[in-house]
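Reading through the structure tokens given below for one structure.
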Amino acid sequence: MADAEIQREAILAAVDNVAARIAEEKAYLTELDSAIGDADHGANMDRGFRAVVEAVEDDDTDGMEADELVKLVGKTIISNVGGAAGPLYGGSTMLASKELEGGITAETSVAFAEAYLQKVQDRGKAEIGAKTMVDALVPVVHTYKKSIEQDDLPPLTALSKAVDACERGVRYTVPLRARKGRASYLDWRSVGHQDPGATSTLYILEELLETAEEYLDGEVVRDARSPDVPDEPPEEVADEPLGEGDE
Amino acid sequence: MKKLINDPENYVDEMLDGMVAAHPDRLRRLDGTNVLVRADAPIDGKVGVVSGGGSGHEPTHAGYIGDGMLDGAAAGEVFTSPTADQLEEMVRACDAGEGVLCVVKNYEGDVMNFETAGEMAEIEDVEVAEVVVDDDVAVEDSLYTSGRRGVCGTIFVHKIAGAKAAEGADLEEVRTVAEKVVDNVGTMGMALTSCITPEKGEPTFDLGDDEIELGIGIHGEPGVKRTEVMSADEVADHLTEQVLDDLDLDDGDEVATIVNGMGGTPLSELYIVNRRVQKVLDDHGLDTWDAWVGDYMTSLDMMGCSVTVLRLDDELKELLGAPADTPALKQRD
């Protein structure tokens with residue numbers, strides 16, 4: 001997929017797909033966040049991606065290179081999401097976008113993924129096990145890099161393996177006790193809840209995979225929407241939702 | 001709940017327009033943003049000093065824009081960090097080529113958005129440094145932070161870093177003195193009542209008529225202890241002792257203090273608290289070089305106060321005493 005115009009089209013399609021998926025999952029993401037955060041993750045992400053769709057529909061994106069377009073996506077998220085999610089999703093996308101200079105290839109996409117994870121960790125100062133999106137992203141980047149660099153798999157297969165890894169990462173957050181973000185205030189009461197950031201990361205990746213399947217040659221390797229991801233939020237173990245100001 | 005507002009949606013926007021209307025000769029709003037900067041920004045040959053954070057803490061932040069203090073301040077929505085792109089615009093508008101120091105309070109959203117803004121500005125070749133203020137001795141980790149929260153001690157950072165920049169110091173020198181303030185300042189607050197955010201229109205938390213909360217944050221986030229109502233002296237003793245414990249001051253040390261109102265407390269009560277705070281300091285053998293009393297960093301209409309103590313050395317004394325001319329703080333030579 002060397003052609004810059006096709007890459008531009010693919011990125012635009014990915015933006016549409018991600019925005020549609022986030023809109024679809026908005027209520028569920030907010031529900032997850034209301035259990036352990038401040039109940040705005042779905043609404044925030046939806047506002048951000050609707051703004052991204054508007055931004056890329058602008059004629060100015062004609063002839064943009066992949067890295068410039070991805071940078072615009074990140075910048076738009078930063079401006080419209082705010083809170084911690086704006087810098088984490090948007091800032092990381094924006095700063096990692098320079099790895100895509102010259103277009104999206106197996107190599108540049110690995111570099112992008114690594115840079116994205118690095119930015120998220122630098123910014124959020126979260127390690128694995130703190131019940132954050134890092135728990136989903138670390139296995140994603142590890143799997144994707146290994147699949148391409150060591151196992152020499154085609155990018156589409158590598159991405160599909162990475163999505164599987166992400167899903168395991170999301171499930172891994174459920175029993176954890178939160179140590180970062182607002183959820184950490186709940187401490188043990190956060191146990192049993194799936195992390196909203198890890199979950200939205202999975203949705204984004206699933207849509208990237210779905211888009212890649214449309215644009216990359218090769219058979220569809222798996223259904224992007226894994227049946228293993230629960231439709232219902234995990235059962236609550238906390239007794240009562242905490243009101244603001246409660247001890 | 002009665003409030004002097006129109007539409008909560010326009011709360012920040014209308015407040016900022018009102019501030020500019022009150023000080024058109026000194027404040028300018030950057031188009032399409034919630035950022036106010038000095039009318040004459042950027043100042044040639046001077047390091048920029050900027051701040052920002054959620055609204056609802058007035059006169060923080062834009063009230064401290066002016067000679068000897070801040071060059072710019074970004075207002076987020078009420079109790080919400082400004083977005084990184086607005087912070088970046090502020091940084092660029094306040095850079096005269098000498099670089100910009102961002103004074104950030106330790107709240108996750110603020111820290112992340114300022115860091116992102118700094119990186120964005122650096123891509124555009126603006127040199128950016130950052131100091132994170134974490135002066136609240138009440139809590140180690142909190143609802144919104146890893147580590148201590150940044151509260152009223154931030155005003156001393158604005159004043160001292162602003163004075164250093166006004167002297168013509170370079171970015172590293174301004175950052176260093178700001179860090180020195182952070183290392184030597186402590187604050188603890190308390191609430192008699194909850195604040196009321198314009199969006200919600202009712203108290204953020206319930207506090208009984210016979211209760212107060214110690215160690216409260218500036219967004220009404222939980223403190224460390226609820227107790228029955230105490231006298232002003234008992235409150236002053238408790239807050240001051242907690243701060244002094246943390247700072248580990250020596251007999252004969254010189255300090256500056258702020259008895260800060262949370263927005264809903266009359267100045268008379270703050271003076272009553274200050275009277276006792278100064279007595280406690282005196283009993284500890286400390287020498288108060290300057291004592292500020294008033295609403296410096298508020299929490300909307302919360303009733304309550306905080307006590308800030310800053311350990312001084314010669315450099316900090318000189319900078320704290322240097323002239324400043326801002327809407328909220330004026331100081332002459």
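Everything numeric here is computed off the predicted structure, so don't read it as measured data. So that the names make sense, note that chain A is the first sequence line, chain B the second, and so on, each numbered from 1.
- Atom CD of E127(B) sits in a sparse spot, with 12 or fewer heavy atoms from other residues, nucleotides or ligands closer than 6.0 Å.
- When each of T116(B), T80(B), D110(B), V111(B) is scored by its heavy-atom pairs under 4.5 Å with chain A, the top score falls to T116(B).
- More than 12 heavy atoms of other residues, nucleotides or ligands lie within 6.0 Å of CD in E211(B), so this atom counts as buried by the packing criterion.
- Inter-residue side-chain proximity for I78(A) and M120(B) is flagged as met; some heavy-atom pair is nearer than 4.5 Å.
- Near-neighbour residues of residues 83-91 of chain A relative to chain B, defined by a heavy atom under 4.5 Å from a heavy atom of that chain, comprise G83(A), A84(A), P87(A), L88(A), G91(A).
- Surrounding CD of E14(B) are more than 12 heavy atoms belonging to other residues, nucleotides or ligands, all under 6.0 Å away.
- Within 6.0 Å of atom CD in E127(A), 12 or fewer heavy atoms from other residues, nucleotides or ligands are found, so the atom counts as exposed in its surroundings.
- Enclosure of atom CG in D183(B) by more than 12 non-hydrogen atoms of other residues, nucleotides or ligands within 6.0 angstrom is indicated.
- Neither the backbone nor the side chain of Q86(B) comes within less than 4.5 Å of any heavy atom in chain A.
- Taking the side chain as every heavy atom from C-beta outward, E108(B) and K125(A) never approach each other to under 4.5 Å.
- Counting non-hydrogen atoms of other residues, nucleotides and ligands closer than 6.0 Å to CG of D7(B) gives a total above 12.
- Within a 6.0 Å sphere centred on CD of E124(B), other residues, nucleotides and ligands contribute more than 12 heavy atoms.
- Contacts between L207(B) and chain A at a heavy-atom distance below 4.5 Å are absent for every atom of the residue.
- With a 4.5 angstrom heavy-atom cutoff, L95(A) touches chain B only via side-chain atoms.
- Heavy-atom contacts from other residues, nucleotides or ligands closer than 6.0 Å to NZ of K119(A) number more than 12.
- Looking only at side-chain heavy atoms (C-beta outward), T83(B) and N80(A) stay at 4.5 Å or farther from each other.
- For the pair I123(B) and M94(A), the minimum side-chain heavy-atom distance is below 4.5 Å.
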